[in-house]
2 protein chains.
Amino acid sequence: MATVSRTLNGSSLVRPATAERVRKVVQELGYVPNSSARSLSSGKSNLFGVVISDITNPFFPELISNFESLALKNGYEVVFANTNYDPERLDHALRRMVERRVEGVAILTSEVHDSAITMLRRQNIPVVTLQQQTVQQGSIIKVDHSVGIAEAIAHLMELGHRDIAFIAGPSDLWSARKRRDIFAAEIKRNKLTLPAEWIAESDPRPEGGFDAMQALLKLKNRPTAIMATNDLIALGALRAINEAGLDVPRDFSIVGIDDIDLVHYVHPPLTTIRIPRPQIAECAFTTLLENSRNPEMKKIQSNLPTQLIVRASTAAPRSN
Amino acid sequence: MATVSRTLNGSSLVRPATAERVRKVVQELGYVPNSSARSLSSGKSNLFGVVISDITNPFFPELISNFESLALKNGYEVVFANTNYDPERLDHALRRMVERRVEGVAILTSEVHDSAITMLRRQNIPVVTLQQQTVQQGSIIKVDHSVGIAEAIAHLMELGHRDIAFIAGPSDLWSARKRRDIFAAEIKRNKLTLPAEWIAESDPRPEGGFDAMQALLKLKNRPTAIMATNDLIALGALRAINEAGLDVPRDFSIVGIDDIDLVHYVHPPLTTIRIPRPQIAECAFTTLLENSRNPEMKKIQSNLPTQLIVRASTAAPRSN
DNA sequence: TTGTACGCGTTATCAT
DNA sequence: ATGATAACGCGTACAA
């Protein structure tokens, strides 16, 4: 029994001939080790948890895909959970992850309460979150949106725009408020005017952007450029513009955030602010890995840049 | 100890007062049960596995999302794996699922070898796959593509098209070959001509569609309509057409397959053949649930319809 | 209604 | 280099 275990775990304390014999029998019997028993006995789960808020937003699958590849390469497995923007589902998901004794959790949602994380910390489980002002525990991946947003506004101004609206995400999501505030601050810094009605609030999905844009189209004082808090919203806005018989970038310039692959494939390809997904995934993984090896739980902070990617959805405003 | 276990599992054989006391202590200690120990002892993992081939294709996240919701509602958890079209990763994923003693696996990839499934069947694990001719074991979800493809061709012919090309997926994927063959048969049935060069082969991602369409554009005898084996490929083709300065549907009509949400949000919105994702997810889940309750493992076969959804990417050909 | 004791499949510790 | 045996944390049959 012990020898079998040793063989399967590649211990060197087993005679090659014996190992061979073991492997043969294993093969014949179709024996597959039981990972529950394994982790119960060893005290190691070899599991990381990843929580995201919307698997339907292409931003996240790429994150997951990258994280999973890294994990597999390092002999870890990954459990996923999709909260669908529902805090209750977040709690459920984290709970289940604790039950599985994951060795670390990456919470890559836009909103996390401290209470959720406290549970994890009580169990001494390393946590990494995306930058969230409300959360002060665990390691944090900061994504510096201000640079990208500043670049975007500068780009639009250079093209001649002075009337820029912003379609924000739901204001109960901290990340959405944060991006909106950065936008507003940057607008102010550039001494542009920003009527209240140019800040729209939207569900973070394309439908939301569609609705928000329809509202903007009804305004008497229309902006000439639209920035959206994510690409999906920007796509929804684009559709609303098209359905109104108007054209991008002739009638409106549009800038998104995220740089999901699909913005290449719409017409016109979207100008957007790239959020470095591969780096986020890598950063989350390595942070978890380090934190789980070093139980001292020193907080790791990282700061990832954003960057404007200019494509065809921005141009000089029509009146120019 | 036993009383604690009973309390946590909601046994009625516990005096309410005791139960309350237990819960309080549990709360204070921050105790969370260990699911490994639980499933080791009970012999039940309460786990289903889901394997998909490309999490980056929006077709799959919706599948996952639906499946996960159903599972949670029924007290099950789900482990996912993304094979990235790599048969080796499929084997790895299935292996890990067996190690976790999942109570069923849904293999929702386009290609599965019998050998992979044999391992699962040896362990008496229920399996459900999408229709795959090579695989004869386990339950099967059939998706009837022929109806949708026939509808699409009829729709194009009604508009006046007679020259229809097909961008197929990689011919080493059985599902890709199958769709292509159905298309070819349907073309023949309608007595249309189908030069060999109108059957393009493509990577199943937008880049593939882009490249394939560029090749089609170089042809002397161009088709007037393009059908693609999935929506992502269709989006790639659409982009290639746009970049060539041409217009859809003026210069080419395009029909995709899948009906992913995003095809609403490109311009023009894509005509496509809807594959019923929610039903696939539900069918996969209920099949697994039934099969895992009834260890007799009777094969369940279901047949799901496809349906043409007409939007704005199809119109009469220009020459008409 | 509660507590005791064994077993689940594996790893780890000790002998051998 | 190998085998016996005690954990790991939970469920459960059985005793109390």
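This structure is a prediction, so every number in the text was calculated from the model and none was measured. Chain A is the first sequence line, chain B the second, and so forth, proteins listed ahead of strands; every chain is numbered from 1.
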Would you classify B/Val4 as touching base, sugar-phosphate or nothing, given that sugar-phosphate means primed atoms plus P, OP1 and OP2, and contacts are heavy atoms under 4.0 Å?
nothing
Is A/Arg6 close enough to C/dT11 that one of its side-chain N or O atoms is under 4.0 Å from OP1 or OP2 there?
no
How close do A/Arg89 and B/Ser69 get, heavy atom to heavy atom, and via which atoms?
NH1-OG, 3.8 Å
Tell me whether B/Ser53 contacts the main-chain N or O of B/Thr83 through its side chain, where contact means a donor paired with an acceptor under 3.5 Å.
no
Residue pair A/Asp144 / A/Thr306: nearest heavy atoms and the distance that separates them
O-OG1, 2.8 Å
Using the salt bridge (Lys or Arg N to Asp or Glu O under 4.0 Å) criterion, which residues pair with A/Arg38? Sequence neighbours excluded.
none
Between NZ of B/Lys44 and P of D/dT12 the distance, given in whole Å, is 11 Å
Taking everything shown except B/Glu88 itself, do over 12 heavy atoms lie less than 6.0 Å from its CD?
no
Give A/Thr18 one of three labels, base, sugar-phosphate or nothing, depending on what nucleic acid heavy atoms sit under 4.0 Å from its own.
sugar-phosphate
Distance in angstrom units between B/Leu13 CG and D/dA16 C1', rounded:
15 Å
Side chain to side chain, B/Thr129 and B/Ile117, heavy atoms closer than 4.5 Å:
yes
In B/S/- notation, 5' to 3', how is nucleotides 5-10 of chain D contacted by protein heavy atoms closer than 4.0 Å?
--BBBB
Between C/dT2 atom C1' and B/Leu8 atom CG, what is the distance in whole Å?
16 Å
